[in-house]
Amino acid sequence: MEAASIPESPAARPPRPVAKAIADNILWLLLGLALVVYFIKDPKQTLDDVKTGLSNGTIWALIALGYTLVYGIIELINFAHGEVFMIGSFVTVSIWQTLGVTPDNSIIAILGSMLVGIVLAMLASGTLNVMIERVAYKPLRNAPKLAPLITAIGMSFILQNVGLLWRGQPDASPDLIGSQKDYFSVFGVAIEHSDVFAVVVTAPLLIALVWFVGSTRYGKAMRATAQDPDAARLMGINVDRTISLTFLLGGLLAGAAGMIYALYNGTIQFNQGFTAGLIAFTAAVMGGIGNLKGAVVGGLIIGVIQSVSDTHFGQVWTPAVVFAILILIMVFKPQGLFGEETREG
């Protein structure tokens with residue numbers, strides 16, 4: 001006797017590929033549509049906004065990588081990271097002022113001082129970040145998550161006051177690159193020295209970080225620690241040293257961003273880290289916290305949004321526009337544009 005066949009219940013109809021693709025990329029489509037609308041109204045201004053936003057966004061991307069690296073390893077929002085970036089700017093400008101470097105020096109002297117400035121700024125910020133981790137975060141590694149979070153905020157205020165004592169008033173950085181001078185024009189949009197400088201210095205650092213994390217032994221240790229610290233210890237990985245290395249890398253990038261920021265904007269001040277840190281953290285969350293690619297793309301997107309908003313809505317409304325878009329992204333894609341890359345559970 002044959003077994004009676006049981007009719008299968010109709011399976012739920014899978015979503016249509018086109019509709020799903022639109023839903024997944026609705027925010028990209030809206031941002032692109034906004035740029036197209038502004039481009040139709042004023043092509044030259046829109047291209048100039050995109051150019052400025054991309055060059056400015058590279059700085060946010062460098063800072064955002066520090067946030068996303070640390071969060072990916074120990075799931076901590078290092079609120080002191082913005083101040084580490086500020087210290088990098090202060091170290092750079094202090095070195096130039098001590099050496100007496102001016103735009104009137106020879107090209108060799110200027111390039112040499114810039115190289116010395118970025119190296120020392122990276123070392124200072126990297127060392128400072130490691131010290132913060134050892135003193136403030138490591139003792140609280142097994143404490144409730146609120147404790148290291150409050151400690152991070154406290155470290156941020158401490159470093160901000162250090163900056164206030166160091167330079168209480170906004171100070172000018174020597175314009176060693178002739179930041180407002182034009183290299184060439186593309187479709188009538190002037191490409192300035194500062195735009196090229198930001199991209200030329202940032203791109204190798206981003207490539208080096210991706211290579212380090214993806215290809216080196218220490219990078220593999222970082223990824224293993226991010227996935228499961230206990231399993232990493234069983235495999236012979238020194239988790240404490242790996243975490244310190246992560247803070248070192250984040251600090252190095254923040255120091256480099258500090259030097260670029262000083263030359264790009266021409267002014268440094270003690271509270272620049274708070275503003276830049278908030279923007280960079282927003283970029284990291286927008287791209288997907290813990291995701292390196294997401295941090296970079298998030299920084300570039302925020303740079304463009306800021307530039308376009310400054311032109312069409314005014315600088316007063318720019319923070320509101322940025323965070324309104326962030327809220328939309330969190331509503332439709334809570335994991336960020338590229339998804340979080342953090343350990344489960």
Side-chain angles (χ1 to χ4, degrees), residues 63-87 123-162 209 212-214 216-255 273-274 277-278 280-292 294-295 330 334-336 338-345:
I63 307 173
L65 283 170
Y67 280 105
T68 208
L69 281 170
V70 170
Y71 190 89
I73 290 288
I74 60 175
E75 296 187 343
L76 168 69
I77 302 171
N78 182 17
F79 280 112
H81 191 69
E83 277 59 47
V84 172
F85 150 78
M86 176 268 293
I87 294 296
L123 291 176
S125 294
T127 303
L128 176 61
N129 219 25
V130 172
M131 291 175 60
I132 292 172
E133 189 273 329
R134 290 291 180 90
V135 173
Y137 301 152
K138 186 177 180 180
L140 301 174
R141 197 163 293 164
N142 296 319
K145 288 188 176 182
L146 185 60
L149 182 64
I150 296 300
T151 302
I153 296 174
M155 288 302 305
S156 172
F157 282 109
I158 290 173
L159 291 177
Q160 192 171 136
N161 279 272
V162 170
L209 177 67
F212 183 88
V213 174
T216 67
R217 175 185 175 186
Y218 293 110
K220 294 176 182 177
M222 290 171 59
R223 287 184 282 133
T225 302
Q227 290 180 2
D228 192 328
D230 295 328
R233 286 190 180 92
L234 294 176
M235 296 300 293
I237 295 174
N238 189 325
V239 172
D240 290 336
R241 185 172 61 189
T242 302
I243 293 174
S244 295
L245 174 63
T246 303
F247 274 84
L248 176 63
L249 287 176
L252 292 175
L253 295 176
F274 175 80
L278 191 60
F281 175 66
T282 304
V285 174
M286 180 180 290
I289 195 73
N291 190 310
L292 298 182
M330 292 297 97
Q335 305 301 315
F338 293 94
E340 294 185 8
E341 288 188 5
T342 57
R343 72 180 72 108
E344 297 180 359

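Throughout, numbering of the chain's residues begins at 1 and tracks the sequence.
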Original post:
How long is the gap from CD on Q160 to CE on M86, to the nearest 0.5 Å?
Top reply: 6.5 Å
Subject >> Minimal non-hydrogen separation, R134 against S244, with atom names >> reply: NE-OG, 3.1 Å
Original post:
Is there side-chain contact between K220 and R217, with heavy atoms separated by less than 4.5 Å?
Top reply: no
Original post:
Which distance, rounded to the nearest 0.5 Å, do you find between the CZ of R241 and the OG1 of T225?
Top reply: 10.5 Å
Original post:
Closest heavy-atom contact between A280 and A64?
Top reply: O-CB, 3.3 Å
For a quick test of your reading: what N or O donor-acceptor pairs under 3.5 Å do the side chains of residues 139-152 make, sequence neighbours left out?
{"residue": "R141", "atom": "NH1", "partner": "D240", "partner atom": "OD1", "Å": "2.5"}
{"residue": "R141", "atom": "NH2", "partner": "E133", "partner atom": "OE2", "Å": "2.3"}
{"residue": "K145", "atom": "NZ", "partner": "E75", "partner atom": "OE1", "Å": "3.0"}
{"residue": "T151", "atom": "OG1", "partner": "A147", "partner atom": "O", "Å": "2.8"}

Subject >> With T127 via side-chain contact (heavy atoms from CB on, under 4.5 Å) - residues at least two apart >> reply: M131
Original post:
Excluding sequence neighbours, so at least two apart, what forms ring pair (Phe, Tyr, Trp, His ring centres under 6.0 Å) with F274?
Top reply: none
Subject >> Qualifying residues under ring pair (Phe, Tyr, Trp, His ring centres under 6.0 Å), relative to Y67, sequence neighbours excluded >> reply: H81, F281
Original post:
Are any side-chain N or O atoms of T68 and backbone N or O atoms of N291, one a donor and one an acceptor, separated by less than 3.5 Å?
Top reply: yes
Subject >> Step-by-step side chain to side chain contact (heavy atoms under 4.5 Å, CB included) determination, D230 to L234 >> reply: CA-CA 6 Å; D230 295 328; L234 294 176; 5.8 Å; no
Subject >> Set of residues satisfying side chain to side chain donor-acceptor pair (under 3.5 Å) with respect to N78, sequence neighbours excluded >> reply: N129, Y137
Original post:
What are the two closest heavy atoms between G251 and V84, and how far apart are they?
Top reply: CA-CG1, 4.3 Å
Original post:
Looking only at heavy atoms, which two atoms of G72 and A226 are closest? And how far apart?
Top reply: O-CB, 3.1 Å
Subject >> Any L69 side-chain heavy atom under 4.5 Å of L292 side chain >> reply: yes
**OP:** With sequence neighbours left out, write down each residue that passes side-chain contact (heavy atoms from CB on, under 4.5 Å) with F212, or none if nothing qualifies.
**Re:** T216, Y218, M222, L245, L249
Original post:
Got a second to check how far L253's CG is from L65's CG, nearest 0.5 Å?
Top reply: 6.0 Å
**OP:** Output, in order, the C-alpha distance, side-chain angles, deciding distance and verdict of side chain to side chain contact (heavy atoms under 4.5 Å, CB included) for I74 and F247.
**Re:** CA-CA 10 Å; I74 60 175; F247 274 84; 3.8 Å; yes
Original post:
Nearest heavy-atom pair of G255 and S125: which atoms, and what distance?
Top reply: CA-OG, 3.4 Å
Original post:
Can you tell me if S156 uses its side chain to pair, donor with acceptor, with the backbone of A80 under 3.5 Å?
Top reply: no
Original post:
Could you give the distance from CZ (F85) to CG (L128), rounded to the nearest 0.5 Å?
Top reply: 14.0 Å
Subject >> Nearest non-hydrogen partners of V239 and P229, listed with the distance >> reply: CG2-O, 3.6 Å
